[in-house]
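This report refers to the structure that appears directly beneath it.
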Amino acid sequence: MKIDRLMGILTVLLQQERVTAPYLAEKFEVSRRTINRDVEALCKAGIPVVTAQGKNGGISIMEGYRMDRTLLTAGEMESILTGLQGLDSVSGTNRYRQLMEKLAPDSKTVMDEGQHMLIDLSSYYKQSLAPKMELIRRAIDGCWEISFRYYSSKGEECRQIEPYLLVFQWSSWYVWGYCQKRRDYRLFKLNRMLGLELLDRRFVSRNPPPYKIQPEQAFMPQMQVKALFQPKAKWRLIEEFGAESFEEQEDGRLLFSFGFTDKDHVFGWLLTFGSQVELLEPAFLRTELRDMALRIAEIYQT
């Protein structure tokens, strides 16, 4: 948007003595003619922008018109830029990079020389994820309802929601909004959404409550599972559930205990370990898993 670019140019001029039109054109990915029009717009808005021709010429702000740059320390600026860089890694747009330019035109130098942390939120699903995020962001900004097909262990459902928040939590992206079907606020995982559409229907904000969803609320344990794992599975148990989820036995095997939301999740997870695990409890799941293994064996009989 033009106003965003004008703010970005103004911030560059406030923090640098003089820049050239080609420099600004390249930085904001527009033509030199557009930069010239932007400079004129800043002048009309009362910003004392001056231009000079010649070898040492360029665009600058009149001497004495300066903004205090000590509002943020170098460490605070680095933290802000790191977070914005993380958002840019998954957004599929240049929006956050341009915001970085507004905050600190020399952000590349800051990131290269003083960076101690890198946040990369991109994923294997970036090709499908970025367009969804952009559409949802537009829906949130404009108060447009969205619709989609949602897939879960309960099957496929069509949902229409009033979106309020894009959430990165539990290593995945979600949209949080008011669901017309459930008449309540719900959280939807973006990777499970297909056929996402921006509806031609606006909504009036319901002033939603603050977003506060803990893991135990979203993934309410329905059954306590105990299983005995071979030692070679230790790294996965530590990575996926933490070292406190199991006790090492005298023979080296690992007694695992954790709460799961449903049996499909239990079976799907345990089967990835093959013969490295034995399900102990609950007894009815042990029986069902045995029967499932027999049916799988029948499929692969020659």
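We count residues from 1, following the sequence as given. Values below: every heavy atom of this structure, side chains too, minus hydrogens, waters and symmetry copies.
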### Query
Is there a donor-acceptor pair under 3.5 Å between the side chain of Arg18 and the backbone N or O of Gly57?
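Such a contact is absent between Arg18 side chain and Gly57 backbone.
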### Message
Test your reading of the model: is there a side-chain donor-acceptor pair from Arg253 to the backbone of Leu228, 3.5 Å cut-off?
### Response
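No, because the side chain of Arg253 does not come within donor-acceptor range (under 3.5 Å) of the backbone of Leu228.
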### Task
Could you tell me whether Arg201 and Glu162 have a side-chain N and a carboxylate O separated by less than 4.0 Å?
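No.
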#### Entry: Note: Asp141-Arg137 ion pair, threshold 4.0 Å (strictly below)
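Here Asp141 pairs with Arg137 in a salt bridge, since their nearest N and O are under 4.0 Å apart.
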[X]-[Y] aromatic ring centre distance below 6.0 Å:
X	Y	result
Phe229	Trp269	yes
Phe241	Phe256	yes
Phe148	Phe188	yes

### Task
Classify the side-chain pair Gln180/Arg159 by whether it contains a donor and acceptor separated by less than 3.5 Å.
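Gln180 vs Arg159: no donor-acceptor pair found between side chains.
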On a heavy-atom basis, which atom in [X] and which in [Y] lie closest, and how many Å separate them?
X	Y	value
Phe267	Met292	CD1-CE, 3.4 Å
Arg149	Cys158	CG-SG, 4.2 Å
Arg286	Leu279	NH1-O, 2.6 Å
Trp144	Pro163	O-CD, 3.4 Å
Ala21	Arg32	CB-NE, 4.2 Å

### Task
Give the C-alpha distance, both sets of side-chain angles, the deciding distance and a yes or no for side chain to side chain contact (heavy atoms under 4.5 Å, CB included) between Leu198 and Arg138.
CA-CA 9 Å; Leu198 188 71; Arg138 287 194 287 115; 3.7 Å; yes
#### Entry: Heavy atoms of other groups near Glu240 CD, more than 12 under 6.0 Å
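Count over threshold, so yes.
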Quick one, [X] and [Y] - any side-chain contact, counting heavy atoms below 4.5 Å?
X	Y	answer
Pro209	Tyr185	yes
Glu145	Arg202	no
Trp173	Asn191	no
Ile136	Leu190	yes

### Task
Test side chain to side chain donor-acceptor pair (under 3.5 Å) on Arg5 and Thr34 and set out the steps.
CA-CA 10 Å; Arg5 190 174 62 252; Thr34 298; 5.5 Å; no
### Query
Is NZ or CZ of Arg192 both nearer than 6.0 Å to the six-membered ring centre of Tyr151 and within 45° of the ring axis?
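No, Arg192 does not sit over the ring of Tyr151.
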